[in-house]
Every structure is written in structure tokens, then in C-alpha cells.
J.: 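Pasting a structure below so you can have a look.
The structure displayed is predicted, hence computed values, not measured ones. Reminder, nothing fancy here: chain letters follow the sequence lines and each chain counts from 1.
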2 protein chains.
Amino acid sequence: MIETLDLPTKHTGKMNLSSKRPQIFIIGGGFGGLAAAKALGKADADVIVLDRKNHHVFQPLLYQVATASLSPAEISAPIRTALRHYRNCKVALAEVTGIDVTNRRVHVHGGYAPFDYLIVAAGATHAYFGHDEWEPIAPGLKSLEDATDIRRRILLAFESAEYEGSEQARRATLTFAIVGAGPTGVELAGAIKEIAGRTIPEDYRNIDTRTTRVILFQGGDRILPQFAPDLSARAQKNLEKMGIEVRLNSRVTNITRKGLYVGNEFIPVHNTFWAAGVKASPLGKGLGVPTDRSGRVVVGPDLTIPGSSNVFVIGDMAAAVSGDTKEPVPGVAQGGIQMGQYVGRIIRDELAGKTTPAQRKPFRYRDKGTMAIIGTSNAVAQIGRFHFTGFFGWLLWGLVHVLFLVGYRNQLQVLANWFWAWLLNARDARLITGQAQLEVEVPFDVGFVRQSTEAVTDKP
Amino acid sequence: MIETLDLPTKHTGKMNLSSKRPQIFIIGGGFGGLAAAKALGKADADVIVLDRKNHHVFQPLLYQVATASLSPAEISAPIRTALRHYRNCKVALAEVTGIDVTNRRVHVHGGYAPFDYLIVAAGATHAYFGHDEWEPIAPGLKSLEDATDIRRRILLAFESAEYEGSEQARRATLTFAIVGAGPTGVELAGAIKEIAGRTIPEDYRNIDTRTTRVILFQGGDRILPQFAPDLSARAQKNLEKMGIEVRLNSRVTNITRKGLYVGNEFIPVHNTFWAAGVKASPLGKGLGVPTDRSGRVVVGPDLTIPGSSNVFVIGDMAAAVSGDTKEPVPGVAQGGIQMGQYVGRIIRDELAGKTTPAQRKPFRYRDKGTMAIIGTSNAVAQIGRFHFTGFFGWLLWGLVHVLFLVGYRNQLQVLANWFWAWLLNARDARLITGQAQLEVEVPFDVGFVRQSTEAVTDKP
């Protein structure tokens, strides 16, 4: 027995560790981790969810925070509150620094704990294909902080363009590049074009924000490669009708603050956003088992790592194949949710003595469909053999996304916000927050004269 | 004529500066600045609003962002959008670094501009009475960034207490001190007590958040000194009924990360918030005219500075007296709004040739009432000779605050949020955001063993 502090608790009145219940640790409170915790809600075990953040984020709607349609609180919920009614679940704000599979220990800053079962669901982050120096210039979209950072950059670009003295620099400031044309890239491109073209033109006096260029770069030969080719073609046509430039077979070879290179071609653009690639959390590599090119752990049919039937890896961290189709499980919310439920039920049933590890059935992924929004009142959706586009696709997209949001009140708020946005082109979360330095030009147009800073400080 | 760039604009098709229209600069897009800009909306002049932020903030509701009831976007609006329909108004994101009254110039980083009229409305910030070292420990509440910082500190305190090993430290973590019992201090104290007592108790397993202590320190002999004594007494009784400790005649003499001193008494408390004093923007002192103890500019009956009939100072930056009562104008939103309207109309009428500076009538402040909320379904309000308390005061408070919010959609959102909060004790914006380091304890209760960081990194 490990030595611990004698900490009385309000619920049991005695030390929790004096209980001999199995301890199940879940690393990460994303889609996979939350689904696993809920599936274990009635297990006779302590379930401990560790996360660096106190909140779960509904990632499919992050781009709407980045483009000022929704507020951070509307697409997130405290993990504690999501698990409030699962009395055997505990939540701890902690950063996992290592996993010791041999000794069955989870390490955090300043300590470690023994586990009986471990579910690793720490997700993925941006991958810059060996060009990590692009990250500060071309931020990706994975967290609420990323989203408010991108929002700040978009809004500052218009502020800056309004008083930019050089026509050339103003054009580059009013150009946005998005690298990667998966759902996030497509949705970001569409939303930026709509802000510029419909939401804010009346707010500016010197620039016509409707002239804003949005360029979407895709390395492959079609956008939205997760979809059937007819939907990719339809989506591209719609984006182009909105005025977005789609560049296929275009590999970005360098990104600077002034612009980006596609081969030898230089495109002046002051804001580039990254939606091209992800890599799994580095915790995967720390497990000492094989990983794939993007750092995902190659898991067995029961989502465990080789040699450890009590260590599971799920969600974006797992390179898993579906037991029936032998197809790779895609890195989408549904993949995480289904893996979490599968693992949670396995552990629950084995703890209850209903099954044994030898009897585990392979994980099967059920494709519930894929969707991407393309501007107002338009989306593409693919559900089994059925393909939807246009207004009906958009309604379907809205319905599905609202249904899966955590929190009933969030669902109503988001619906209300969408209704207003649709009715009035309103995007009310247009806040430039944070202590970011103002990098906008001296406002020439209102009579300002440029002067070196030294000279200014001479004046009163 | 000053040399400027030849910048074509979409609206006029020619340089703006080639027009000889007077240039009116407004520094600050708060209550005073916005009111002035709107009053000048039909003046035959260019009106330029300069602000470091792109958004106007409805400060009376900031405490609700700090206490997770509202999102930042719900109490703010882009200044540009607020002035969208005033076609002679321009907005520039700029930090004013100095004002040259003699040469009639406004300086920003990197340049300056000539003005014909200047309205200085840059507001106030926290004052620590000569103890600026307290600022990082005991933050105040003036901006959206302040509000999300305080929100983070409050929520992190509960996370930290949940796994704190020492009973003594846990008690200090579950204690909040608020210095200053004006409306902001009272409202902050009430909201923290409600979060702890009603919103989150079910979320925690080891601590009973209902035992959270909230202590409100007031230097004077009653809280809410802006109100009549009977309302102060009533408010204090209500706060005490909620379990808040009110300490009158208590001057805080030192604040550290471990606690605070009132004279020789040390009170262990890990989170102190500052609502005790404000000082005017330093731009006031830069004008070279007399200021009062808190840095406010002593203005004449027409709110101008001595010797310059075209330089006005309004809002929290002005030490003004009302022309009729000779009473000081209080530092509240209404003061700023009324001064802004007064100055805007003076300039408009003089530009139109209807009046001359010699004919200016003194500014008169009309007290439209004062209010403060005290927990759910309770507020004190004083409107002229009428005093309101309890539920009716609370309804009145809500009505007035929603009416004055900028933006119709914000008004509906805030009303909806209040309704939910009232119905379900929900405070859904409980987000710990920002890259703040996790300072919470190793979660002992879930089996963690404390270990020095060196030892941890030896492990896998």
C-alpha cells in the first residue's frame, strides 16, 4: 500500500484510499475520455479523469469561436460538471508528465499514482511537417486559446488595413491563407469570407472589406478528401461562388510574416492559418510501443497496447482499425466517443465478473456520417450512401452539432446565436482581447503624421 | 497644412484631409466617449474615436463575467459597430501617448495628429494607495482581461482546494477577501458566495464548497457609502444573512500571497480582490493643468481645462461639479454619459454657429439613481427620494442594466442568461482559460504520492 495523507472527505468520512476499489485513470477530458468516464459511471471502481484544462471543448465548433460567432463558454463545459452525477468519477486538474506501464503508475508534476486500468485519451495537436517554426506565424485551431488567438488576428487585420498607408501592404493584410482543406480549413475559409463580405463592411470608412481575399491551399487534388468525390466537387464550387480561391495540388513550402511560398511562387499574405495536419499527444510515444508516422499508438483490436491488457489508447491518439471493415478509424469526434464507450463497457463488465479479457470482442467503428459547413445556409453531409448538400445539408449539420453539444443551456444559446447570425449577419463576439501589442499603423487618414518614436517622446 | 499620405478612400474617392472640416478627437470609447461621439453624429466635422481596445465594455456588469455568469462578448460591443451609422465618425485602434495642448496635437505610438477639438475620456484604473506591489496579488476589475483573470483565480481556488493536503492551506484557499465595499466589491462578494454555496457544491468530492468564507473589508464605517445609510444597513444585513463577513473600519495594511493584514491581525487568504480605489488615466496629468488627489483633471463649468476652450475632460477623468447643486459629479456610468452628451452638443452647436463659447451653460448632473445587487433576487436601489430593496430592487436593477447595454442582441442574451441562472443556479461560463501555470496540488485523494520533480523525471 502506498503511503498517502490521511485526508478526510465529506462524502465517505474516511480516507478514500483505504478502499480497495480498483483505480481507473483516464487521461484527457475530450470526447473519448468523457465517453469512457460515463460508461464507467456505474462500475464498482474509482474513476479519475486527469486534464490540463478544467473544461471539455466541443472541437467541431471551435472555428465559430475563431470567427466571432460564438463565445468560448458556449462550446465548452467544465469536465466536473459534465460528470457531476457520476458519483464514482473524480476530476483533477493535472498535467500528466509520463506513464510507467511496467510499474502501473501515472506521473504528474510533483507526484505519481498507481493505476489498475489506464485509458489514454490525450488527443492530438497541430503538426507542421517538420516546420515547427511556422507555428507562431500560422496558428492552428485546437483549443479555446487558439480560437481567441485566431479571432484576434482576423479582427486586427481589418483594424490594421483601415489605416495602412501602403496599398501593397493593405492588400496583403486583407488576404487570408488557410493551409489544409479538411472540414476545419473549409469552415474557417467560409466564415472569414462571410465576416469580410457581410458582417463588417459598414464598420469601416477607408477599406472595402468585401475585397478581402481568402485562399485555401490543399496538397491533394480535391478538398474535403474525407467525403465522396461528388461532394468535394460541390463544396469547391460553392466556395468559389463565395469568392474563395481554392488552390489544389499546392504544397506550401515556406511561411513568413509577409507571405507564403508555394514552390517558387510567393503570395503576400499577413495571416495564415494552419488546418493541414495533426500529430498525436507525445504521451503516446512515452508508452514504449510502436506508433505510426503521426505519433499515434498502434493498438490491438481491443484498443490496448501490446503486452498490457489494462492500458487502452483511444481517440485521436490511437491508430485503430475497425474490427469488421478493417478500415482505419477516422480522427473525428465519433471515433473518440465510440472508442470511449467500448473501453468503458469492457472494463465495467470485467470488473463485474461478467466477462474476461480473453473474451473481448474487437472494437467496431460505425460511421454515423461526416459533415462540413460551407458558408451560410449551405453544407455538405454524407451519411452512409446518402449525400446531402445545400440548405438541407446545412439544417442537418446544425441539428447534429447542437444535439451533441454538452449542456442543455449551451444548446439553446448556440441555436439562438445561429438564428441571429442567419437573420442579421451578426457576429457579436468580435472582441480583440489579451494584452497583445497593437501592431496597427498610425491612422494617416484621420490626420496622423508618421514620426519616429524618439521624436514623439520629446513632446509632452 | 500637415503633410500626409495621399490615401484614397472608398467613400469620398479623395483624400480626407483635403477637406477643411474640423477634426474632433475623442480619446476613449467608454460611456463618455461613445456618448460624445453620438451627440456629434450630425456635426459638420470629422469625429475620430481613439481607443486601445476595439470594444466598449459595459463596466457595471464586469463582475458577472468575473463570476462566470456572463461571457465577455455579452457585455461588450465593438466601438466601430456601435458607431456604424454615424458616418462622420471614424474609429482607430491606437494608444495615445501624449497630448500637446499648445500645438493642438494628439500623439500616438509612431505619429501625431492636429486637432480642432479634443475630448479626453480615457477613464480610470485601480489605485493601490501607494502599494502598487499589491496589484499582481490583489487584482482589480476594470477590463475584460481583468474579469477573466479573476474568474480563473476563483475557479482555480476550488480546483486547488479539492486536492490540497493541508487542512490549513485548504481553509486559506477556500477564503476570498474583497477590499472595498462599493457596488463592485459588494456585488463580487455576493456572487462568489453564491457560486460556492449554490452553483458548484455537487461538482466536488473532497471539499464542501459551501464552507467557503468571503470577507468584505471596508475602510469606512458603512458599506455602499454612495447610498443612504438605511440602504447601507439593509445591504449589510442581507450580505451577512448570506454568510458573508463584513468588516467595517478595517484598513488593509499589507497583502501577500498567503494572506492579508488588518493592522496587526493576519488573515490567511489565498485570493484577494481589489475594489477599493481608482485613479484617473495618467493622460490627465500630462495636460499640465491642476489635478486632484486621484489624478482627475479639475475642469471648469463647461468641462474644459483652464486656458483651452477646445479641450474637454469628461467621465472618470474629470473632477467636475454640477452647475446647479455644486456637488461633485460621481464616477459612475451616468456621469460619463451625461458629460459626453453635454460636450458633444456644445461642439455641435458652436460648429453650426448657433452658439459661441462665451454662451456655454454650465454642465448639470442629473442623478438618475444608484443601484447595487446583493445576491440572487435582491438589490438596493436609490432613485431620488425613493429607496428600493429586495426582490423589487432586483427587478429594477436588472431592467435598468439591460436597457443600457449596448446592442439589442446582447440585451436578449443577458436576459436569457439571468433567467437561467435564477432558475437553475447555472453559471455556465466557468472556464479556466489562458496559459496560466497549473498551481494546484498533486491530487492525493485519488492515490497520488508526492515526489520531488527531479525524481519524477528519472522515471519513464
J.: Would you indicate whether the side-chain heavy atoms of A:V108 and A:E95 approach each other to under 4.5 Å?
T.: no
J.: So, A:D51 and A:K53, do they make that salt bridge, N to O below 4.0 Å?
T.: no
J.: With the threshold set at 4.0 Å, does a side-chain nitrogen-carboxylate oxygen contact exist between A:E202 and B:R80?
T.: no
J.: So which residue, A:A68, A:P72, A:A73, ends up with the most heavy-atom pairs under 4.5 Å with chain B?
T.: A:A73
J.: Under 4.5 Å heavy-atom distance to chain B, tell me which part of A:F158 shows up: side chain, backbone, both or neither.
T.: neither
J.: Examine the side chains of B:T81 and A:R430 and answer whether a donor and an acceptor come within less than 3.5 Å of each other.
T.: yes
J.: Could you have a look at B:L144, B:V91, B:T148 and say which one has the most heavy-atom pairs with chain A under 4.5 angstrom?
T.: B:V91
J.: Measure distances from B:I79 to the heavy atoms of chain A and classify the residue's part below 4.5 Å as side chain, backbone, both or neither.
T.: neither
J.: Report which part of A:F25 has an atom under 4.5 Å of a heavy atom belonging to chain B: side chain, backbone, both, or neither.
T.: side chain
J.: Heavy-atom cut-off 4.5 Å, strictly under: side chain, backbone, both or neither for A:L50 against chain B?
T.: side chain
J.: Under a 4.5 Å heavy-atom cut-off, does chain B meet the side chain of A:T211, its backbone, both or neither?
T.: neither
J.: For A:L287, is it the side chain, the backbone, both, or neither that has a heavy atom closer than 4.5 Å to a heavy atom of chain B?
T.: neither
J.: Between B:E162 and B:R170, is there a salt bridge with N-O shorter than 4.0 Å?
T.: no
J.: Considering residues at least two apart in sequence or located in another chain, which fulfil the salt bridge (charged side-chain N to carboxylate O under 4.0 Å, His left out) criterion with B:R104?
T.: none
